Each structure stands twice: as structure tokens, then as C-alpha cells.
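Data block below; observations after.
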4 protein chains.
Amino acid sequence: MRPGSRPHGQRKHTFIEEARRAQIVSAAIDTIAEVGFANASLSRIAQRAGVSKGVISYHFSGKDELMDQVVEQVYSAIAEFVLPRIAEAPDECAALRAHVLAVADYMRGHREQLMALAGIFNGTRTSEGTSSRHRLMVAEPVYQEIEKRLRAGQERGVLRDFDVRVMAVTLQASIDGMFAYWVTHPDHDLEAHAAELAEIIERSARADPPA
Amino acid sequence: MRPGSRPHGQRKHTFIEEARRAQIVSAAIDTIAEVGFANASLSRIAQRAGVSKGVISYHFSGKDELMDQVVEQVYSAIAEFVLPRIAEAPDECAALRAHVLAVADYMRGHREQLMALAGIFNGTRTSEGTSSRHRLMVAEPVYQEIEKRLRAGQERGVLRDFDVRVMAVTLQASIDGMFAYWVTHPDHDLEAHAAELAEIIERSARADPPA
Amino acid sequence: MRPGSRPHGQRKHTFIEEARRAQIVSAAIDTIAEVGFANASLSRIAQRAGVSKGVISYHFSGKDELMDQVVEQVYSAIAEFVLPRIAEAPDECAALRAHVLAVADYMRGHREQLMALAGIFNGTRTSEGTSSRHRLMVAEPVYQEIEKRLRAGQERGVLRDFDVRVMAVTLQASIDGMFAYWVTHPDHDLEAHAAELAEIIERSARADPPA
Amino acid sequence: MRPGSRPHGQRKHTFIEEARRAQIVSAAIDTIAEVGFANASLSRIAQRAGVSKGVISYHFSGKDELMDQVVEQVYSAIAEFVLPRIAEAPDECAALRAHVLAVADYMRGHREQLMALAGIFNGTRTSEGTSSRHRLMVAEPVYQEIEKRLRAGQERGVLRDFDVRVMAVTLQASIDGMFAYWVTHPDHDLEAHAAELAEIIERSARADPPA
DNA sequence: TATGAATGAGAGTTCATTCAT
DNA sequence: TATGAATGAACTCTCATTCAT
């Protein structure tokens with residue numbers, strides 16, 4: 001709508017434009033993490049960003065686009081951190097362990113970011129009523145990589161013959177659960193939890209030893 | 001502050017009173033399932049129930065109490081269905097399988113109910129910003145039973161020496177994940193998923209065979 | 001309206017009917033005194049009376065009539081107490097003193113009643129915007145008596161030649177002020193205040209001594 | 001809780017901002033004067049101001065702040081008008097007269113303003129049920145000045161040895177009563193009333209002539 | 001670009017009143 | 001007579017969005 005007048009669409013953004021957007025996205029993350037998605041009004045976000053409310057409307061087509069940007073940015077950061085760790089793994093079993101441990105590592109350093117992510121997914125409902133997402137802490141490219149590894153592991157005989165989709169969903173859900181538990185129990189030993197979870201996953205996925 | 005002569009407290013409720021409450025709770029469940037917790041206003045709920053907005057205020061002290069009732073009712077129903085199935089299991093390993101399969105069975109028949117439950121938990125934020133809950137589909141008494149079984153299984157040597165808390169959290173998260181995946185993929189074979197998940201859980205928890 | 005079906009108009013009331021009305025009026029007084037007129041909903045009044053909300057609507061045509069009854073009852077009680085005390089006064093000057101002291105006496109024993117009265121007058125606005133009343137603690141018959149006495153005193157030369165209306169208004173306002181001050185300063189010595197006020201009134205009203 | 005980026009706190013207000021606030025305060029005064037405090041909803045006030053309801057919430061933190069502003073503004077205006085008139089008085093007796101006459105003068109020109117003031121004080125109840133105020137038409141600084149004058153007059157022997165507090169309360173109440181009578185009897189001669197009242201006050205307060 | 005101002009819809013809640021039983 | 005249930009309007013307040021400057 002109203003072409004040219006607003007930088008919302010697929011336009012090329014200027015540098016200063018991008019800086020403002022990043023600043024606002026960052027303020028949104030902090031705000032959601034602190035007061036929850038439901039209470040993260042544009043007013044509050046603008047206030048935290050130190051800009052006026054109108055600025056947000058100027059740079060984003062609406063609250064929805066802002067939230068989309070938050071999600072995108074957080075997912076990019078996760079993938080950038082986690083993917084290399086998976087890549088280093090010598091085999092598929094190790095890759096699963098690496099995934100769990102890497103995400104836990106990332107959690108420790110980005111609690112707020114991830115709380116915002118969770119807040120958005122939990123608070124945003126599609127018109128059909130429920131979040132269109134069934135996973136939180138796992139970015140799309142990471143998910144793809146995991147599925148690929150699971151299949152490769154099965155082909156190489158390292159992993160047993162489970163349903164790949166179910167295993168992937170379970171893995172992600174377990175990671176999300178770890179995060180949720182940690183958020184509600186801040187003194188919980190995240191590292192130990194990750195180690196235990198890695199063991200659980202490995203045992204559930206690895207091929208039976210030859211008789 | 002405390003409202004007038006409304007039947008909110010621990011009063012004895014008449015039959016017709018209880019009927020209305022049940023009707024409203026039911027309308028709330030349907031509404032949340034359809035439009036999500038965030039959009040489930042009292043107006044909409046009342047509209048769906050076919051009553052005026054004031055009726056809800058008359059029968060419940062506020063939106064919070066209504067949501068509490070929804071949660072309570074759904075959890076009661078889950079526990080009533082799942083606990084006996086667990087109880088029938090011959091040993092701890094079977095109990096874990098039974099749990100997974102029972103919950104999946106319940107899901108199939110109560111999709112909307114559980115979507116509402118998820119909606120409430122996801123949409124309700126504490127003042128600190130995130131849901132105080134880290135699990136959804138597992139009612140408190142069921143959780144207690146599972147922890148007890150895990151410990152008993154370890155003592156009897158049927159289950160290996162994992163961290164009980166982590167295993168319980170993972171189990172619940174996996175079940176929640178199964179539900180979330182099914183909700184976003186309605187054609188997904190829930191029964192098959194449950195069977196796969198049960199296998200995953202059992203493999204991750206059972207004791208190693210003697211060498 | 002709806003003649004015969006409701007006992008609101010000038011019908012003859014049965015004994016039990018009157019008892020209920022008195023009970024409700026009494027509950028209204030207590031409620032207003034405690035929570036203020038603005039917060040004295042019919043719900044709360046009914047609750048305090050131990051009856052259902054509908055009973056009030058049955059016995060009174062509406063909230064307005066109930067409030068009218070409260071005022072009427074309180075005023076009757078005041079007049080019944082104060083008029084004899086004025087009547088005993090030997091002369092007009094003494095009558096003014098007697099009035100002030102009698103009302104103060106009554107106040108001490110009927111704080112709540114009078115707070116309710118004040119609450120109603122202050123809280124009820126006519127459609128023209130302001131209370132139609134300019135005095136509170138002085139019932140109509142008492143007012144008439146005072147005006148009569150003031151005039152008589154002037155005719156007999158005991159009181160000086162002031163404007164009777166202004167003096168009466170000032171007298172009433174001073175009494176209302178005494179009550180208001182006492183209500184906001186419960187430890188205030190009401191008896192001493194009344195004595196001082198009587199002196200003030202007498203000095204302002206009595207005839208100058210002959211030169 | 002605290003709202004977004006609204007200009008409520010101790011911010012520097014722009015000129016246009018102040019203009020709007022003044023406009024809304026003015027509309028509030030008119031509305032309260034016309035329909036009474038109890039019926040002066042934000043809707044009505046906004047309607048009279050010719051703005052939307054939200055504007056009030058934008059410029060004031062809530063209804064309470066708006067009412068506070070009304071009171072503050074009216075009291076400031078009263079004090080600004082009355083205090084100089086008292087200051088001009090040659091002695092304490094004249095100061096009392098000046099006070100009464102000045103307030104009456106002010107009333108004549110600001111009927112609506114003062115009706116709004118009365119409406120707010122009468123309509124606003126503390127949790128204990130009654131207005132925390134026992135006087136209306138007398139602003140705090142004026143009250144202080146009066147008490148000071150009364151004491152000074154006693155020390156100089158111009159005024160007799162009454163209880164200062166009681167005299168001050170009575171004076172204020174008499175003024176409030178004059179206003180209330182005038183409001184309910186618009187044709188009443190306010191100037192004559194004030195003159196009579198001044199005489200009443202002076203006679204009640206001045207020292208006895210030496211024998 | 002950025003802002004403060006304004007809007008209007010919608011939220012939850014309270015309440016006087018009505019009515020079938 | 002008395003009740004509990006229901007109504008619908010009105011309340012204050014919040015918020016995403018729009019727009020003139």
C-alpha cells in the first residue's frame with residue numbers, strides 16, 4: 001500500500017535505517033523478556049528504545065512485522081552459533097550430543113533473547129487459534145541439518161531405524177523443555193541437564209550393538 | 001472491593017448454577033481453542049455461550065477465576081483418564097509406555113480442550129514475563145506418579161541411573177511436543193507417533209543389559 | 001406504575017412489610033457509613049441485611065426511594081431528639097445554645113447514621129448538578145422551629161436585628177462543619193467544640209446591651 | 001503498570017500540551033457543575049471538550065489526576081483572589097470581614113468552578129467512607145492565613161479568647177453554607193448575605209469592650 | 001525522518017434493574 | 001413474598017494505529 005512512502009516492503013534499506021530497526025528490535029527483545037509478550041506494548045518498547053512511538057510505525061508496518069524481525073534475528077543468532085558446533089562432530093551420534101550441548105551453551109548466554117522468543121511464540125496466535133510453531137529453540141536451518149544427520153546416521157548404521165520426524169520433534173521438544181525448566185528454576189544446573197539430555201537422546205537413537 | 005452477593009466463594013452451588021458455570025467453561029474452552037487465549041475476550045466467550053457478558057461476571061469473580069476453572073477441569077479429566085492406565089502397567093518400563101500411549105489416546109478425543117489448556121498456559125505470563133509452568137499436558141498428580149515410578153524403577157534395577165528430574169521433564173516435554181506437532185499437522189498419525197515416542201523413552205531409560 | 005402488584009406507592013404497609021423495610025434501611029445506613037455512598041451498591045446493602053438483592057427492589061421502587069427512606073428516618077430521629085431540648089429553653093438565646101448542644105449530643109451517639117446522611121446528600125446529585133440541600137444535620141421541622149425562635153427573639157428584643165435567613169443558614173452550616181471536623185478528627189473534643197460554637201452563635205445573635 | 005510514553009510525570013509540558021490539559025480541565029469543571037461529580041464520566045467530559053475519550057487518558061494518568069488538577073486549579077485561583085484582599089485589611093477584625101466578602105465576590109464570578117469543587121469533594125470518598133475534607137471554599141494557604149490572623153488578633157487584644165480551631169472551622173463552614181444556599185437559591189442576594197455573615201463573624205470574635 | 005497528539009475500538013468490571021420461579 | 005439468575009449499559013483504562021507538522 002501507499003508505495004514508496006514507507007520503507008516496509010522489500011526495499012533496500014539504508015544503513016541508518018537498519019540501525020534504527022536493529023535498535024528497536026533489541027528494545028523489543030528486552031521488553032518482552034522483562035514484562036512478557038502480553039504486556040509488551042509498542043509504547044513500552046518505544047520507551048525502552050528511547051524513541052517515540054511513531055518511529056516504530058514508521059520503520060515497521062506494524063507490531064506483527066516487528067515481532068517477525070525479532071524472531072528472525074534470534075533464530076539467525078542461534079543458527080550461527082549452533083551449526084558450526086554440529087559440523088565439528090565426528091559422527092552422527094556426536095552430532096546429536098553436540099546439538100544439545102551447543103543449544104544449552106547458547107541459552108546460558110542469551111536467556112533474555114530466548115525468553116522473548118518463547119514469549120512471542122506463546123503469545124502470538126494465528127487466526128486458527130494456536131501457534132503455528134511446534135518448536136521454539138531450534139531454528140529452521142538447524143532443524144534441516146538435524147534431520148539430514150539423522151537420516152545419514154541411519155544409512156550408515158550408526159543410528160537405529162526410528163521415524164526421523166518423530167525423533168527430530170522429540171529432540172526439539174526436549175530442548176525446549178530444558179529451557180522452560182531452567183527459566184522457571186534459575187538455579188537449575190543447565191550444563192548438567194544438557195549432559196543428561198544428551199545421554200537420553202543418544203541412548204534413544206543409537207543403533208543396537210550387534211548381538 | 002469484594003463484590004456483592006455473588007456466589008463466588010466457597011458457597012454451595014445450586015444445580016443450575018453449576019450448569020451455567022460448566023456451560024461457560026465449555027464456551028471458554030471452545031473460544032480459546034479457536035481464536036487463542038490472547039483473543040479470547042469475555043465478550044467472545046459470552047457470545048459463544050449465548051449469554052450476556054455480565055453473566056460471566058456473575059458466576060465467576062473475574063476472568064482469572066474462569067481460566068482457573070478451565071485448567072482445573074481439563075487437568076482433572078486428563079488425570080482421571082491417564083492414571084488408571086499407568087496403574088495397570090506390570091512394571092516401570094511399561095508404565096512409561098502406558099503414560100505416553102494414554103496421553104496420546106486422550107489427545108485424540110480432546111483436541112480442543114488441550115488446545116485451550118495450552119493457550120492458557122502460553123498466554124498467561126507472570127509478572128516476571130514467562131509462564132510459571134514448564135509443562136502442559138501432564139497434570140500434577142500424573143507428574144507425581146511418574147516421578148515415583150522412575151525412582152522405583154531405578155531401585156528395582158529396571159531403569160538405569162539417570163537424573164530423575166531431567167528424565168521427567170524430558171518425558172513431559174516430548175509429550176507436549178507430540179501434541180504441538182499434531183496440532184500443526186492434523187493429518188499426522190498420532191498413534192504411530194506415540195508408539196515411536198514410547199520406544200524412544202524406553203530406550204533412554206531402561207537399564208543396560210548385563211554384560 | 002403497575003398498580004397493585006408492588007407495595008411502593010402510598011399503600012398501607014403490613015407489619016412484616018414495614019419490618020423488612022426498616023431492616024433494609026438500617027443495613028443501608030451501616031453500609032453507607034462504612035464504605036461511603038459511592039460504594040454502597042444494592043448488592044452490598046442486601047448482603048449486610050442478609051437478604052437477596054431482589055428483596056430491595058421488591059420493597060422499594062429503586063435505589064432512590066431507599067435513600068429517601070434513609071434520610072427520612074434519620075431526620076425523624078434527629079428531630080425527635082432535638083426538638084424537646086429546644087422547647088425546654090427558657091428564652092430564645094438559650095434555645096440557640098440548646099440547639100447546638102443537643103445536636104452535638106445526638107452526633108456522639110449516632111455517628112454512623114449521620115455519616116450515612118452526609119454521604120447521601122453529598123453523593124446524590126440532582127439532574128441540575130448539585131445537591132438540592134444546603135444543610136445536612138438539621139431536619140426540616142427543627143429548621144422551622146429555629147427560624148420561629150429567631151424571629152420571636154427579635155420581636156422580644158432578646159436578639160438583634162439580623163437577617164433571619166442568613167443567621168439560620170449560618171447556624172446550620174456551623175453545625176454541619178462541626179460534624180465534618182469531628183468525623184475527620186475522631187479524637188476531637190466534640191463537647192468542647194459545641195460549647196465554643198454555642199458561645200459564638202450567642203454572641204453573634206444577641207441584642208446589644210443598652211448603652 | 002506504568003503507562004507507556006505518555007507525558008504524565010514531571011515532564012516538561014509543551015505549550016500545546018498545556019493548552020489541551022487546560023481545555024480538558026475546563027471541560028471537567030463544566031461537566032461536574034452541570035451533572036454532578038457522580039455523573040461526570042470521562043465520556044461526558046471528553047464529549048464536552050470536543051475530543052475523544054482517549055485524549056484524556058493520553059494527557060492525564062487517569063480520572064484521579066484530572067480531578068486533582070481541577071481542585072488544584074480552582075484552589076489556586078481562589079487563593080490568588082482572596083489572599084491580597086485579606087492582606088489589605090488594617091486589623092484582624094477587618095481581615096475576617098475581608099475574607100468573607102472576598103470569597104463571596106469570587107463566588108459570584110465563578111459559580112461553576114466552585115460547584116465543581118464542591119462536587120469533587122463531596123463525591124470523592126476515602127476508603128473509610130467520608131471525605132477527608134471538612135471544608136470546601138477555603139484553600140489551604142487561605143486557611144493558614146486565617147488561623148494566623150486569629151491568633152494575632154487574640155494576642156493584640158482585638159479578638160476575644162475563643163478556641164482558634166473552632167472559630168476557623170466555623171468561619172469556613174459558614175462560607176460553605178453561604179455558597180450552598182446561593183447555589184440552591186440562585187436569586188439570593190449573595191452580597192447582602194456576605195455582609196450579614198461578616199457582621200455575624202465579627203460579633204462572635206471581637207473582644208468585649210472594656211467595662 | 002521523527003514526533004507528539006489524537007483516535008476509536010475493545011478490554012474487564014460493576015451495577016441497578018428485571019423477571020421467572 | 002422472596003430468590004437467584006440474567007441483562008445491558010456504563011464505567012475506566014489500554015493499545016495499535018494514523019497523521020499533521
Side-chain angles (χ1 to χ4, degrees), chain A residues 2 5-7 14 16-17 20 38-46 51-64 66, chain B residues 1 3-7 11 13-14 16-17 19-20 38-46 50-64 66, chain C residues 2 5-7 14 16-17 20 38-46 51-64 66, chain D residues 1 3-7 11 13-14 16-17 19-20 38-46 50-64 66:
Chain A
R2 224 179 304 94
S5 78
R6 285 292 232 289
T14 69
I16 181 168
E17 156 88 6
R20 261 277 185 271
N39 299 322
S41 68
L42 290 187
S43 262
R44 255 201 260 247
I45 293 170
V51 300
S52 89
K53 239 183 335 180
V55 175
I56 296 180
S57 297
Y58 181 78
H59 288 285
F60 300 88
S61 67
K63 200 182 190 184
D64 287 352
L66 172 56
Chain B
M1 291 294 166
S5 60
R6 257 71 150 288
R11 261 182 73 274
H13 298 307
T14 67
I16 179 166
E17 155 89 4
R20 261 280 184 268
N39 300 322
S41 68
L42 291 187
S43 272
R44 250 199 263 246
I45 293 169
V51 299
S52 90
K53 222 177 10 168
V55 175
I56 297 181
S57 295
Y58 179 77
H59 289 284
F60 300 87
S61 68
K63 198 182 191 186
D64 286 354
L66 172 56
Chain C
R2 225 178 307 91
S5 80
R6 285 290 234 289
T14 67
I16 181 167
E17 156 88 7
R20 261 277 186 268
N39 299 323
S41 67
L42 289 188
S43 261
R44 256 200 259 246
I45 293 170
V51 301
S52 90
K53 239 183 334 181
V55 174
I56 298 181
S57 297
Y58 181 79
H59 289 285
F60 300 88
S61 69
K63 199 182 189 182
D64 287 351
L66 172 56
Chain D
M1 292 295 167
S5 59
R6 256 70 151 290
R11 261 184 74 275
H13 297 307
T14 68
I16 179 166
E17 155 89 6
R20 261 279 184 272
N39 300 321
S41 68
L42 291 187
S43 272
R44 252 200 261 247
I45 294 170
V51 299
S52 90
K53 226 178 3 172
V55 176
I56 297 180
S57 295
Y58 179 78
H59 289 285
F60 299 89
S61 68
K63 198 182 191 185
D64 286 352
L66 173 56

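Since the model is a prediction, treat every value here as computed from it, not as a measurement. In the text below, chain A, chain B and the rest are named by the order of the sequence lines, each starting its count at 1.
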Open item on the list: Heavy-atom nearest nucleotide on DNA chain F for D/L42 versus A/L42: which residue maps closer to 5'?
Closed with: D/L42
- [ ] Provide, to the nearest angstrom, the distance between the CD1 atom belonging to A/I56 and the C1' atom belonging to E/dA2.
- [x] 12 Å
Open item on the list: I need the CG-P distance between D/D64 and F/dC11, as an integer number of Å.
Closed with: 16 Å
TODO: Considering just the side-chain nitrogens and oxygens of D/S41, establish if one lies under 4.0 Å of OP1 or OP2 belonging to F/dC11.
DONE: yes
Open item on the list: I need the CD1-P distance between C/I45 and E/dA16, as an integer number of Å.
Closed with: 8 Å
TODO: Taking only the side-chain nitrogens and oxygens of D/H59, find out if one of them lies under 4.0 Å from OP1 or OP2 of E/dG4.
DONE: no
TODO: Using only side-chain N and O atoms of A/Y58, determine if any of them is under 4.0 Å from OP1 or OP2 of E/dT1.
DONE: no
Open item on the list: Just so I know, are the side chains of B/R20 and B/V51 near enough to count as touching, which here means a heavy-atom distance under 4.5 Å?
Closed with: yes
TODO: Between B/A40 and D/S52, name the one whose nearest nucleotide on DNA chain E is closer to the 5' end.
DONE: D/S52
- [ ] To the nearest 0.5 angstrom, please state how far the NZ atom of B/K53 sits from the CG atom of B/L42.
- [x] 8.0 Å
Open item on the list: With rounding to the nearest 0.5 angstrom, report the NZ to OG distance, C/K63 to C/S57.
Closed with: 11.5 Å
TODO: Calculate the interatomic distance between C/F60 atom CZ and F/dA2 atom P; express it in whole Å.
DONE: 12 Å
Open item on the list: Could you tell me how far apart D/I16 (CD1) and E/dA6 (C1') are, to the nearest whole angstrom?
Closed with: 10 Å
Task: Whole-Å gap separating C1' (F/dT18) and NZ (A/K63) - done: 17 Å
TODO: Kindly say whether, by distance alone, the side chain of B/K53 makes a donor-acceptor pair under 3.5 Å with the base of E/dT13?
DONE: yes
Open item on the list: OP1 or OP2 of E/dT1 versus the side-chain N and O atoms of A/R20: is any pair under 4.0 Å?
Closed with: no
Open item on the list: Please convert DNA chain E into dot-bracket. A pair counts if it is Watson-Crick or G-U wobble with both distances under 3.5 Å; crossing pairs go in [ ] and bases paired with another strand get |.
Closed with: .||||||||||||||||||||
Task: DNA chain E: 5'-proximal contact among B/R44 and D/V55 (nearest heavy atom) - done: D/V55
Task: Nucleotide E/dT17, atom C1' - distance to CG of C/L66 in whole Å - done: 14 Å
